[in-house]
Amino acid sequence: MAKRTKSALKANRQNIKRREHNRQMRARLRTALKSIRVSLDSNDLDGAKAALTRTVSIVDKMATR
């Protein structure tokens, strides 16, 4: 059982927020990777390049956190 000090309670709240944010970002990354694969499978190079640009942006956002 976690301690009930103010700092422990605040750390727990922060962990919950961070975990949810990380889950959302991972889900967005997986979706972006799927869109790249779909574009490549259908030989749509322009679409794949656009999807790659969006994916790189997502990865950069994840790396800054």
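- Criterion: ILVMFWY side-chain heavy atoms under 4.5 Å apart, direct or through other members. Under it, Val38 and Leu29 are not part of a common hydrophobic cluster.
- Screening residues 23-40 for side chain to side chain donor-acceptor pair (under 3.5 Å) gives Glu20-Arg23, Glu20-Gln24 as the qualifying pairs, with residues at least two apart or on separate chains.
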Side-chain donor-acceptor distances from residues 43-53 under 3.5 Å, at least two apart:
from	atom 1	to	atom 2	distance (Å)
Asp44	OD1	Gly47	N	3.3
Thr53	OG1	Lys49	O	3.0

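- Residues passing the side chain to side chain contact (heavy atoms under 4.5 Å, CB included) test with Lys10, sequence neighbours excluded: Arg13, Gln14.
- How far CG of Leu33 is from OG1 of Thr55: 5.5 Å, rounded to the nearest 0.5 Å.
- By the side chain to side chain contact (heavy atoms under 4.5 Å, CB included) test, Ile16 is found to be paired with Asn12, Arg19, residues two or more places apart in sequence or in another chain being considered.
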